[in-house]
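Here is the structure we will look at, set down as structure tokens.
What you see is a predicted model; the values in this text were computed from it and never measured. Chain A is the first sequence line, chain B the second, and so forth, proteins listed ahead of strands; every chain is numbered from 1.
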Amino acid sequence: YSDLHTFELQAPTRLIEWARGNRVCVAGYGQCDGNEILQLIPPPTLLTKETQGLCPERDFKVECGGFSERPVYSLKYVPDTSLLVTSGPPDSSLQVWQVSAEDSDVIKSVSTIATENVTGQSWAKIATISARAPWVLHGSRLDRVQITEVESRKNVYTAAIQGNEELGSLAFLDCNLLLLCCATGRLCLVDTRQPQSLVEAVPAPSAPCSEHWCMGTRHAAQGSEPSSQPVARLSSRGLLALTDLRKTSEFLALAKARVPSPGSGAEFLCVSWAPALEGYLAISGFDGTVHVYDTQSWDSSGKEAEPIFVHKGHIFGGAGGSRDPPLVTVHTWHLQKPRTLLSAASDGSLHVWDWVQPCGKC
Amino acid sequence: RRFPDFSYITQNGRLTDFLDCVIISHFHLDHCGALPYFSEMVGYDGPIYMTHPTKAICPILLEDYRKITVDKKGETNFFTSQMIKDCMKKVVAVHLHQTVQVDEELEIKAYYAGHVLGAAMFQIKVGCESVVYTGDYNMTPDRHLGAAWLDKCRPDLLITESTYATTIRDSKRCRERDFLKKVHETVERGGKVLIPVFALGRAQELCILLETFWERMNLKAPIYFSTGLTEKANHYYKLFITWTNQKIRKTFVQRNMFEFKHIKAFDRAFADNPGPMVVFATPGMLHAGQSLQIFRKWAGNEKNMVIMPGYCVQGTVGHKILSGQRKLEMEGRQILEVKMQVEYMSFSAHADAKGIMQLIRQAEPRNVLLVHGEAKKMEFLKQKIEQEFHVSCFMPANGETTTILTNPCIPVDISLGLLKRETAIGAAPDAKRPRLMHGTLLMKDNSFRLVSPEQALKELGLAEHQLRFTCRVHIQDPRKEHETVLRVYNHLKGVLKDYSVQHLPDGSITVESILIQATAHSEDQGTKVLLVSWTYQDEELGSYLTSLLKKGLPQGTP
């Protein structure tokens with residue numbers, strides 16, 4: 001480690017979202033009522049590029065908070081607005097909130113975006129963009145994907161796709177191109193300008209169907225093609241498939257992470273690309289660790305890959321004793337500091353860590 | 001403004017007459033720094049309560065504070081050493097959990113607050129109304145102090161500080177690890193580490209930390225503790241051993257906790273020794289004495305490090321270097337260039353949001369008042385407290401008055417006769433379930449008593465009146481009156497099996513003490529009029545009977 005800071009939240013979170021001004025947002029998912037949404041200001045040490053040691057301000061500060069009546073499974077800020085959107089069980093509706101850090105430190109519930117209630121639906125996955133207007137892309141199933149304008153709650157687009165597969169995650173590539181990842185591993189590229197919606201479907205690598213998949217996308221730099229960035233898919237068995245959207249007939253790379261055998265559940269599977277390091281990604285959700293990989297050396301053989309670094313802090317942090325070892329629920333990369341990550345676990349811990357690059361690399 | 005504006009307390013009259021007492025929670029300057037000013041310069045001669053350790057340590061800190069402000073900064077209009085002494089004469093020391101009767105109405109009790117040696121939270125009680133004021137406290141124990149604790153005292157109001165309420169703290173382990181890393185790095189490169197400390201508190205914590213680290217890492221560099229420090233520290237800790245946490249108390253008995261293997265007494269001459277070392281020296285703000293001397297010797301070497309332990313009063317060298325100043329003017333116009341590394345560590349112990357919620361959960365107050373926070377930044381915490389505990393939460397500004405309604409319990413004596421009589425009715429008394437009793441409340445001569453109505457009437461010399469109700473029920477029955485009566489009697493006997501139903505020789509029916517008589521209707525021979533009569537006491541049965549009879553007699557009744 002180059003640096004490691006451990007914090008304890010009052011309630012565990014399964015999301016860490018970055019907001020304007022280097023704020024970080026976390027939210028509770030445990031109880032049926034009284035879950036807190038907290039927007040935090042990280043300590044100054046984490047905002048500057050250089051690492052300081054004994055800085056007086058080493059703590060996270062709660063800038064504002066809100067109370068959610070349902071568990072918060074997913075949260076996304078709506079760019080260029082002071083709004084954020086959350087989703088969670090028991091249905092696929094969305095809740096819209098207003099963050100007004102100026103005159104009050106309460107995140108107020110503003111409205112609800114209702115969706116058709118179909119039995120067997122789980123919670124909605126969400127993504128936001130502010131292109132022509134603040135939009136939220138949401139859906140819990142492949143055939144229920146739609147785009148809603150956040151402020152007016154009007155439906156802007158409904159994807160016409162067949163199939164009732166559950167969705168793992170979704171993303172805006174730009175305001176016309178959507179990327180959907182099904183829990184089965186199938187990746188769907190949707191163009192909102194086309195009547196047929198579905199442009200392409202990329203199957204998962206052949207595997208026993210009990211696997212559950214999620215995806216991670218990387219934001220393209222200003223001006224470059226959104227589909228130039230590889231998409232990573234992670235399965236509950238530890239399989240990592242990288243795909244170039246411009247050439248979907250083959251896998252860019254395929255590898256296997258050394259993770260505990262399946263059965264730990266796919267609840268918290270998470271894969272994300274490093275914003276500042278080319279080709280680096282991190283995975284978590286199998287146990288109390290976060291793995292960092294350099295994918296630049298990978299091929300399509302699907303053999304086991306060696307992680308560059310494994311963060312084990314969450315295993316050792318706990319109060320100890322007979323409780324189950326904590327499970328990492330989510331991780332995210334720091335937007336500016338290249339080797340800094342934040343990770344949270346089911347015991348309420350929140351870690352901020354920075355690993356040392358092994359010798360021989362940049 | 002150096003001192004608080006005490007005219008907020010009262011504009012008219014002397015403080016001594018207005019106040020019943022003054023309570024000091026702990027020896028930190030932001031809590032007791034204005035005490036001599038308040039008692040000797042503004043004027044207050046009543047009692048001042050604080051715990052024993054606070055009483056012992058306060059004057060030392062106050063004298064230090066006075067010295068810096070007057071001697072170093074040349075302030076006038078400040079309290080003198082004599083004033084500090086006079087002020088402390090007014091102090092009454094209290095023990096933990098000891099109920100102190102301030103006057104016939106007011107009592108106070110101190111609770112353990114953690115935070116620093118001798119820090120206490122105070123419960124203030126008048127009759128059955130109480131307020132708990134927390135002062136500064138923390139809910140997580142550290143190496144030498146335990147965590148704050150309150151019993152389920154259910155105060156009407158809990159006043160808690162909320163400075164760290166919006167903070168999610170870095171774990172202690174990380175902070176300690178960073179501290180040890182810095183010390184280790186400095187020592188490894190041959191540098192010297194100066195840690196200016198106050199005699200008590202953090203110094204012990206850090207000594208224990210370093211000792212353990214040195215042992216584990218098998219380090220050889222010497223660690224020194226300036227002699228004045230050891231003596232004082234030992235002296236106070238022995239005196240106040242009950243104030244430290246369990247672990248220290250246990251080990252103190254076996255060996256002197258403050259006799260360390262790797263930490264030795266310091267001698268002035270050692271400061272000139274070559275090679276690495278770590279030195280704990282007083283005073284904590286580098287404003288005078290040994291720590292300043294050592295600082296001057298070591299400041300010029302960039303291999304060395306000074307770690308400031310906490311808040312430094314303005315004007316001290318400590319404050320200056322923490323603000324970034326690297327060229328200091330010493331006596332005789334000498335300029336000291338500070339090349340050594342300056343670090344700051346905050347090991348201060350305050351409660352965060354989780355801790356505050358914990359304390360509220362322990363004490364179960366009916367209302368909570370938050371102090372020491374920005375109004376617009378406390379809305380979230382206020383809602384959190386209100387939602388979780390269903391109590392009102394207030395956050396008044398300076399000078400604002402908050403009114404809190406309490407539900408005082410008024411004790412009432414119940415006469416033994418009444419108690420016996422009421423408990424004899426119905427089921428046996430159950431300790432867990434409230435029991436409804438009937439009686440008369442007599443308020444006479446400042447006393448409240450519950451007595452039986454008869455007793456009350458007697459005492460008050462009032463005559464008892466009887467209320468009797470009579471109700472007419474019409475029944476269709478062409479037969480003679482005495483036959484109707486027989487029918488009614490048989491009907492009631494059959495329905496009211498648990499009651500005493502009697503047919504009297506004079507033709508009337510009684511159900512318990514209720515009387516039923518029948519007469520013929522004046523105009524209609526086919527209708528009989530039943531007169532049902534009962535006293536107020538039998539209201540329930542009377543109404544029941546009436547509605548029963550109004551339903552009419554079933555056909556087959558003989």
Query raised in the report: With only heavy atoms counted, which part of Q387(B) is less than 4.5 Å from chain A, the side chain, the backbone, both or neither?
Result: side chain
Query raised in the report: Do the non-hydrogen side-chain atoms of D105(A) and M378(B) ever get within less than 4.5 Å of each other?
Result: no
Query raised in the report: So which part of I107(A) gets closer than 4.5 Å to some heavy atom of chain B, the side chain, the backbone, both or neither?
Result: neither
**Report entry** Pick from S349(A), G65(A), G66(A) with the largest number of heavy-atom pairs that fall under 4.5 Å of chain B
**Finding:** G65(A)
Requested in this report: Can you measure from CD1 (I168(B)) to CG (D59(A)) and round to the nearest 0.5 angstrom?
Outcome: 9.5 Å
Query raised in the report: Who are the salt bridge (charged side-chain N to carboxylate O under 4.0 Å, His left out) partners of E8(A), not counting sequence neighbours?
Result: K354(B)
Query raised in the report: If you draw a 6.0 Å radius around CG in D30(B), do more than 12 non-hydrogen atoms from other residues or ligands fall strictly inside?
Result: yes
Requested in this report: Please round to the nearest 0.5 Å and tell me the distance separating atom CD of E63(A) and atom OG1 of T166(B).
Outcome: 10.0 Å
**Report entry** Euclidean distance, L38(A) CG relative to F380(B) CZ, rounded to 0.5 Å
**Finding:** 5.0 Å
Report summary line: Ranking K384(B), K181(B), R177(B), M308(B) by heavy-atom pairs under 4.5 Å to chain A gives rank one to K384(B)
Report task. Starting at NZ of K61(A), measure out to OG1 of T167(B) and round the result to the nearest 0.5 Å. Result -> 3.5 Å
**Report entry** K320(B): salt bridge (charged side-chain N to carboxylate O under 4.0 Å, His left out) partners, not counting sequence neighbours
**Finding:** none
